[in-house]
Amino acid sequence: MLGTKRPWPPGPSFSLGLPLALTLLALRAGWAQEGTEPVLLEGECLVVCEPSRAAAGGPGGAALGEAPPGRVAFAAVRSHHHEPAGEISNGTSGAIYFDQVLVNEGGGFDRTSGSFVAPVRGVYSFRFHVVKVYNRQTVQVSLMLNTWPVVSAFANDPDVTREAATSSVLLPLDPGDRVSLRLRRGNLLGGWKYSSFSGFLIFPL
């Protein structure tokens, strides 16, 4: 009858409608999520909105269909011994060049100069492997940060036909910092096929 109050909680003879019961259960689950405000559409469903994630377009802040921010990596190799026309005598001194770029995520590696330019501030990992062939001279290869030699590696065994100068390092870089390889002792006139230079961003700062 109108005006008659039902007892609460309801007795056995009173049952909640199924849609409302499901809504209450969903509401309780929504309240358990820290930092969210549940929006209740009565009798239908529970919608929980997270504005920060919705605005970003997906997990990690990347828009749908785009790569997550901070993906930077490169790998370059030398596929032949002799310098093609146009290279600047890197078999005797100066920068060491690589003719094939296998990976250049983020576009930081410049094949023309043989150097990597940091696109974002962060901590990077670098590794190089420079091979000398039929060369009895000692070869010193340095990894350069701008104009500063950070680490060097040597190949100095005169009794082998092939030997590699290899090293690796972690570096904090600012945007625009340039990392390259430079031959600081000896020569690579016998060629440096199978040499490689690679690096990647570990995490942004």
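Note that these values count all heavy atoms, side chains included, but never hydrogens, waters or copies made by symmetry.
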Taking a hydrophobic cluster as the set of Ile, Leu, Val, Met, Phe, Trp and Tyr residues connected by side-chain heavy atoms closer than 4.5 Å, whether directly or through intermediates, do [X] and [Y] fall within one such cluster?
X    : Y    : value
L145 : L181 : yes
L201 : V103 : no
V72  : V101 : yes
L183 : W148 : yes
V169 : F154 : no

Identify the two heavy atoms, one from [X] and one from [Y], that lie closest to each other, and give their separation to 0.1 Å.
X    : Y    : result
A165 : V141 : CB-CG2, 4.2 Å
F98  : V77  : CB-O, 3.5 Å
P175 : V120 : CG-C, 4.0 Å
S142 : R184 : OG-CD, 2.6 Å
S195 : V130 : OG-CA, 3.4 Å

Just so I know, are the side chains of [X] and [Y] near enough to count as touching, which here means a heavy-atom distance under 4.5 Å?
X    : Y    : value
D99  : R78  : yes
E163 : V131 : no
S167 : H129 : no
Q140 : R182 : no
F74  : D110 : no

Please say which of F116, F203, F200 ends up in a side chain to side chain contact (heavy atoms under 4.5 Å, CB included) with Y124.
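It is F116, the one option of F116, F203, F200 that forms the side chain to side chain contact (heavy atoms under 4.5 Å, CB included) with Y124.
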From the options L143, V151, D177, I202, select the one residue that forms a side chain to side chain contact (heavy atoms under 4.5 Å, CB included) with L171.
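Passing option: L143.
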Is a side-chain donor-acceptor pair under 3.5 Å present for R127 with S198?
no
Any chance the side chains of S115 and R178 put a donor and an acceptor closer than 3.5 Å?
yes
For the residue pair F197 and F109, does the interplanar ring angle fall in the parallel (under 30°), tilted (30 to 60°) or perpendicular (over 60°) class?
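Perpendicular: the ring planes of F197 and F109 meet at over 60°.
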Interatomic spacing from CG in L205 to CZ in R121 - rounded to 0.5 Å:
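Taking CG in L205 and CZ in R121, the distance rounds to 5.0 Å.
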